[in-house]
Each structure stands twice: as structure tokens, then as C-alpha cells.
Amino acid sequence: MAAESTKRILYALRSIPPGRTASYGAIAEAAGIPKGARQVVRILNSMGRSENLPWWRVLRKDGSIALPEGGGFELQKALLESENVEVDRSGRVDRQRFGWDFSL
DNA sequence: GCCATGGCTAGTA
DNA sequence: GCCATGGCTAGTA
């Protein structure tokens, strides 16, 4: 039985539309856990696949891809670009243009 | 004990 | 570089 906070994180994750991105911290905040960024990390790491979560739309607070090269970086970049999100060579996305605002 | 964070400090140039 | 944060969807029996 998943905890309420976990359900809220899942809900927040699934509410990010294609072509938009959000930071681990912002998702946690939207789920009512101000300092729960690592919960988001943990959830993505463990149930990202099985639960069909849009894990590639989650970035660090500065808009960069957290995954290392050879460890998912390339795939995440490709998935974002397939949704028309621009990612520069260093793996950075412009939050002003592609960041999702959960208060909408 | 684990985890793909994030914020803050220390020590060097 | 350090450390608070917080829920546990891993693999075996």
C-alpha cells in the first residue's frame, strides 16, 4: 500500500504534459512535500518503468538532465526532443520556455 | 541502506 | 564536499 505522499507524487508526475518539464523539487512541492525531491528520485528510479511514468520530463532545478552519459542521458535527451523540447549539448533545457507550472 | 536532489559551506586561486 | 529529507516498486522464501 503506497503512502499518500507517494500517490500525490505519482499524480503530479502524470500531470506534466508532453513538451513540458519539471524539477524533482517542484514535483515534490506540488505533491505537498517541500523537501521531498529525493522521494521523486526514488520513485522514478524504482517504479519509473513499471508505472509508465514520464520520467524523461523530470530535470534538475537548473534545467539540466540528471542522468549521466551512458546511463540514460542520451535517451532522455532524445525523448525530450521528440516532444519538441530543446536540449543543448550539455543537457540543459530552458525553464522559461519548457518548464511546467503546477499551479495552472 | 537506498536514491536520477538541493542548498549551503569550506578552502583555494 | 557535506548532509537533511522521507518513503520503500526488490529479490528471495
Side-chain angles (χ1 to χ4, degrees):
Chain A
M1 189 63 168
E4 283 303 313
S5 55
T6 294
K7 291 182 195 166
R8 293 199 301 271
I9 288 174
L10 293 177
Y11 180 83
L13 276 167
R14 292 196 249 255
S15 72
I16 306 168
R20 308 254 86 158
T21 64
S23 69
Y24 297 87
I27 292 164
E29 206 173 318
I33 311 164
K35 295 181 178 176
R38 301 218 71 169
Q39 269 47 254
V40 178
V41 168
R42 211 202 110 274
I43 285 167
L44 252 30
N45 190 271
S46 55
M47 44 201 270
R49 297 279 186 166
S50 63
E51 286 293 302
N52 258 40
L53 299 172
W55 60 269
W56 61 92
R57 308 212 262 251
V58 188
L59 303 168
R60 289 202 187 101
K61 197 172 193 182
D62 65 0
S64 65
I65 290 177
L67 263 38
E69 288 183 61
F73 177 94
E74 295 82 357
L75 177 60
Q76 181 163 13
K77 186 170 183 287
L79 285 166
L80 284 169
E81 287 170 339
S82 75
E83 296 183 340
N84 297 314
V85 172
E86 287 174 32
V87 186
D88 70 16
R89 206 164 29 256
S90 63
R92 238 185 158 97
V93 170
D94 184 354
R95 278 178 39 243
Q96 296 300 315
R97 298 171 58 199
F98 304 106
W100 177 243
D101 182 356
F102 286 99
S103 65
L104 293 177

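By convention in this document, chain letters (A, B, ...) are assigned in the order of the sequence lines, proteins followed by strands, and residues within each chain are numbered from 1. Everything numeric here is computed off the predicted structure, so don't read it as measured data.
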task = Return the nearest nucleotide to the side chain of Ser46(A); candidates are dA4(B), dT9(C), dT5(C).
result = dT9(C)

Looking at every strand, decide which applies to [X] at a 4.0 Å heavy-atom threshold: base, sugar-phosphate, or nothing.
X: Ser50(A); answer: base
X: Gly25(A); answer: sugar-phosphate
X: Ile43(A); answer: nothing
X: Gln76(A); answer: nothing

message = Closer than 3.5 angstrom, by distance alone: can the side chain of Gln76(A) be matched with the main-chain N or O of Val58(A) as a donor-acceptor pair?
response = yes

Separation of [X] atom [atom1] from [N] atom [atom2], in whole Å?
X: Leu44(A); N: dA10(C); atom1: CG; atom2: P; value: 12 Å
X: Arg42(A); N: dC8(C); atom1: CZ; atom2: P; value: 6 Å
X: Arg38(A); N: dG6(B); atom1: CZ; atom2: P; value: 10 Å
X: Leu13(A); N: dT9(C); atom1: CG; atom2: C1'; value: 14 Å
X: Leu10(A); N: dG7(C); atom1: CG; atom2: P; value: 13 Å
X: Lys7(A); N: dC8(C); atom1: NZ; atom2: P; value: 10 Å
X: Met47(A); N: dA4(B); atom1: CE; atom2: P; value: 16 Å
X: Tyr24(A); N: dC3(B); atom1: OH; atom2: P; value: 14 Å

query = DNA chain B: Gln39(A) or Asp62(A), which has the more 5' nearest nucleotide?
reply = Gln39(A)

message = Could you tell me if the side chain of Gln39(A) sits less than 4.5 Å from the side chain of Thr6(A), heavy atoms only?
response = no

request  = Please report the closest heavy-atom contact between Glu74(A) and Gly70(A), naming both atoms and the distance.
outcome  = OE1-N, 3.1 Å

Which atom of Ser15(A) lies closest to which atom of Ala12(A), heavy atoms considered = OG-O, 2.7 Å

inquiry  = Could you tell me the Watson-Crick or G-U partner of dT5(B), where both distances fall under 3.5 Å? Say none if there is no partner.
reply    = dA4(C)

inquiry  = Please name the nucleotide paired to dA10(C) by Watson-Crick or G-U wobble geometry with both distances under 3.5 Å, or report none.
reply    = none

Whole-Å P distance, dA4(B) and dG11(C) = 15 Å

query = Taking atom CZ of Arg95(A) as the centre, does the number of heavy atoms from other residues, nucleotides or ligands within less than 6.0 Å exceed 12?
reply = no

query = Starting at the 5' end of DNA chain C and moving along, which residue's nearest nucleotide shows up first, Thr6(A) or Lys35(A)?
reply = Lys35(A)

ask   = OP1, OP2 of dG7(C) versus side-chain N and O of Ser5(A): anything below 4.0 Å?
value = yes

